[in-house]
Amino acid sequence: MVTELEYKENFFAGTRQDLLDRIETQLKPKRFKHVQRVEATAIELARENGVDVEKASIAGLTHDYAKQRPDEDFIQAIHDYRLNPGLLDYGNAIWHGVVGAELVKRELGITDEDILNAIRHHTTGAVYMTPLEQIVYMADYIEPARDFPGVEEARQITHHDLATGVAFQAKHTLAYLVDKDKPVYPKSIDTYNAWVPEHPGI
Ligand SMILES: [Fe+2]
Ligand SMILES: [Fe+2]
């Protein structure tokens, strides 16, 4: 059970309960529950793929840490931390991952780059993703409360082969954005190009 997981590796200076308490102050109850489901799914995928379970727990819990911050906080952070000014053209959907990781680093003291990259890339994916990054990207997509046409297939594919799951999400998310005439962040197209042609027919 997730609640019995003890943090022993010092990726976060405190217990899992301490981390939960910090995150709970940042999120509405509904999203707080979502991040706990993402954590549970990420731990499952970590066990299946031989990935560090503690990292999966921390990355799962913190991936949406900044989701409910006001735009001003992100704009300030882009300036303060000298992030790519091109980020200013986007909004919360992109910021809460890429900029959110910087807030997790500064406010929660989590400095492990694998965990931070998992947060950075959870919305758009990336050309290169470590197994942990793939796990958080997929856990966010298939956690038990997700309900969209194809989610069951996404779950099966992901538990069978993590990288094929990544390709499935990259393809279906891009198709969805195009169908709805929504803007596509260029990095999502890079993710599509890196993952989908290698996994044809998904
Ligand atoms: Fe998110
Ligand atoms: Fe999420």
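Just so you know, ligand 1 is whichever comes first in the structure, and atom 1 is the first atom listed for that ligand.
Defined by atom type and a distance below 3.5 Å, a donor-acceptor pair is present between the side-chain atoms of Gln26 and Arg69.
Arg155 contributes a side-chain N or O that, together with a main-chain N or O of Glu143, makes up a donor-acceptor pair within less than 3.5 Å. Not a single donor-acceptor pair under 3.5 Å links the side chain of Asp80 to the backbone N or O of Ala77.
Residue Glu39 is tested with His34, His63, Arg16 for a side-chain hydrogen bond (donor to acceptor under 3.5 Å, both in side chains); the sole match is Arg16.
Every pair passing ring pair (Phe, Tyr, Trp, His ring centres under 6.0 Å) that includes a residue from residues 175-202 is listed here, sequence neighbours excluded: Tyr90-Tyr185.
Within the sub-2.8 Å shell of the Fe ion (ligand 2), the protein contributes these N/O/S atoms: His34 NE2, His63 NE2, Asp64 OD2, Asp140 OD1.
A heavy-atom distance below 4.5 Å is found between the side chains of Ile115 and Phe11.
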